[in-house]
Amino acid sequence: MAKERVFSGVQPTGNIHLGNYLGALKQFVELQDEAECLYCVVDMHAITVPQDPKELREHVLDVASLYMAVGLDPKKAILFVQSEVSGHAELGWILNCSSYTGELSRMTQFKAKNKGRESAPTGLFTYPVLMAADILLYDTNVVPVGNDQKQHIELCRDLALRVNHRFPDTFVVPEGRFMKSGARIMSLDDPTSKMSKSAENIHSRISLLDTDAKIKKSIMRATTDSDMTIRFDPENKPGVSNLLTIYSALSGMSIPEVEAKFDGAGYGDLKKSLVTVTQEALTPIRDRFDQIRHSSELDDILDDGAARARALAEPVLDRVKEHFGIGRLK
Ligand code: AQP
């Protein structure tokens, strides 16, 4: 039986944080041994909000290096940069013509990012359509993502089904794959919003490249509550529950095991222990990143990845164009 095809991506909008890692990248690594995987640095998504051009290019290489530093192997998975495969933009346009402004204006991430503005950048509005194109371009079966992307995956499926209804067998309809633990890591300073690369306060997140001192500072000042009991209760104790989730995902212990470990202890004890667990988990990633980031093979790996991705995208795009009647008769 043919292997399932897996696609996912990360935006080069800053350094990958614990949310990206625990919600998405850990799954990427798990899947590379059992499926045909494509993992992309989605730089065209990044420009939906203004980016410094020089920094953006650095971040593209940072994210690609972090992919490998967390354990992705370019011999097993195709690692590439989105803008180097033009089919993403082409299919994005075709799908824009099959989507509705009504459904896009219901996307909660759009609403959150556009908060307070009367007029939105069009790219930010149509971002989920480009994401659907990324996925559908490769006849993807499975999309490993964090919980925050559930609505976008649903939209992708709706678009695929809508096109298939009009033009049968155009797209493979993909499924989302979500982690049991760590699918939604919350901000350390405001545990009611998700941990995010672009949040202003650097102590709201732990980046995979943070120093031990920064890890300590961010965790020790994380928001908790005044109740003093260490209990997993996301609704009433979002801050403590978030720390327990991170602890569990990094240590491999279940949440009840972590609760039992800290039974009767104070928040300071939980935080101190979480600092150690986090530092131990991130030190080897940081070390591998340093080896890869300025190595000569990084460019070769991304060139090879883009060539392999193009070869998979081409027949799908040809099929889509044929079904839509785009281009001359062949
Ligand atoms: N807090 C999170 N918890 C669990 N998973 C998360 N992901 C993002 N934040 C969390 C997952 O990480 C993958 C890559 O995300 P992305 O870079 O494509 O975009 P994003 O979801 O918008 O992530 P950020 O960090 O919040 O970036 P900015 O601030 O630039 O918008 C996705 O699979 C996502 O689900």
Side-chain angles (χ1 to χ4, degrees), residues 6-31 37-52 55-56 59-60 62-64 66-67 70 72 81-82 88 107-115 121 123-124 127-128 130-132 134-135 140 142-156 174-202 204-210 218 222 234 238-239 241-243 245-246 248-250:
V6 168
F7 174 92
S8 199
V10 173
Q11 296 186 69
T13 39
N15 277 326
I16 292 180
H17 53 71
L18 273 184
N20 304 134
Y21 176 53
L22 299 174
L25 269 84
K26 270 184 95 172
Q27 303 192 70
F28 294 6
V29 177
E30 279 170 21
L31 286 164
C37 297
L38 293 108
Y39 297 124
C40 186
V41 183
V42 288
D43 53 346
M44 295 205 300
H45 283 279
I47 60 165
T48 52
V49 294
Q51 302 290 336
D52 177 277
E55 265 180 25
L56 179 59
H59 284 318
V60 165
D62 289 346
V63 172
L66 276 169
Y67 273 171
V70 299
L72 287 176
V81 180
Q82 181 192 30
H88 291 256
M107 295 293 121
T108 52
Q109 284 223 8
F110 167 71
K111 287 198 245 178
K113 285 203 172 168
N114 199 44
K115 227 187 292 178
L124 195 60
Y127 172 114
L130 181 59
M131 177 171 157
D134 299 339
I135 297 165
T140 300
V142 178
V143 191
V145 277
N147 254 345
D148 60 312
Q149 295 295 333
K150 255 191 181 153
Q151 202 187 20
H152 292 166
I153 300 293
E154 267 318 300
L155 178 85
C156 172
E175 305 272 349
R177 185 182 190 269
F178 308 95
M179 292 299 271
K180 283 195 188 71
S181 165
R184 194 172 181 84
I185 300 296
M186 308 310 282
S187 152
L188 295 177
D189 68 336
D190 170 14
T192 58
S193 56
K194 71 163 191 157
M195 187 176 282
S196 171
K197 290 186 219 88
S198 47
E200 226 161 84
N201 181 3
I202 57 161
S204 66
R205 60 183 168 268
I206 307 277
S207 150
L208 299 195
L209 299 179
D210 277 350
S218 300
S241 302
N242 191 37
L243 298 181
T245 301
I246 297 172
S248 159
L250 287 178

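Each ligand, and each atom within it, is numbered from 1 in the order the structure gives. Residues: numbered from 1 along the sequence shown. Just so it is clear, the values below take in all heavy atoms, side chains as well, and ignore hydrogens, waters and symmetry mates.
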Is there a side-chain contact between [X] and [Y] (heavy atoms, below 4.5 Å)?
| X | Y | result |
| --- | --- | --- |
| Ile185 | His17 | no |
| Leu188 | Met195 | yes |
| Met131 | His45 | yes |
| Leu250 | Leu22 | yes |
| Val6 | Tyr39 | yes |

> Given the rule in the side-chain contact (heavy atoms from CB on, under 4.5 Å) test, do Val10 and Tyr67 qualify, once you have shown the distances and angles that lead to the verdict?
Replying inline: CA-CA 9 Å; Val10 173; Tyr67 273 171; 3.7 Å; yes

Numbered atoms and elements of ligand 1 in range of [X], under 4.0 angstrom, heavy atoms:
| X | answer |
| --- | --- |
| Arg184 | 3 (N), 4 (C) |
| Asn20 | 7 (N), 8 (C), 9 (N), 11 (C), 12 (O), 13 (C), 14 (C), 15 (O), 23 (O), 25 (O) |
| Gly23 | 4 (C), 5 (N) |
| Ser198 | 28 (P), 29 (O), 30 (O), 31 (O) |

Ligand 1 contact on [X] by region, counting heavy-atom pairs under 4.0 Å:
| X | result |
| --- | --- |
| His17 | side chain |
| Val145 | both |
| Met195 | both |
| Asp148 | side chain |
| Lys113 | side chain |
| Ala24 | side chain |

Any N/O of [X] closer than 3.5 Å to an N/O of ligand 1?
| X | value |
| --- | --- |
| Lys194 | yes |
| Ser196 | yes |
| Val42 | no |
| Ile185 | yes |
| Gln11 | yes |

>> Tell me the nearest of Gln149, Gln109, Lys197, Met186 to atom 24 (P) of ligand 1, using heavy-atom distances.
In response: Lys197

> Heavy atoms only: which of Gly19, Ala112, Gly9 is nearest to atom 10 (C) of ligand 1?
Replying inline: Gly19

>> Just verifying a value: how many Å separate Ile153 CD1 and Asn147 CG, rounded to the nearest 0.5 Å?
In response: 11.0 Å

>> With rounding to the nearest 0.5 angstrom, report the CD1 to OG1 distance, Ile47 to Thr13.
In response: 12.5 Å

> Passes side-chain contact (heavy atoms from CB on, under 4.5 Å), Asn15 versus Asp210? Steps please.
Replying inline: CA-CA 9 Å; Asn15 277 326; Asp210 277 350; over 6 Å; no

> Do the rings of His152 and Tyr127 sit parallel, tilted or perpendicular, given the 30° and 60° boundaries?
Replying inline: tilted

>> side-chain contact (heavy atoms from CB on, under 4.5 Å) for Gln82 and Leu130? Distances and angles first, verdict last.
In response: CA-CA 11 Å; Gln82 181 192 30; Leu130 181 59; 3.8 Å; yes

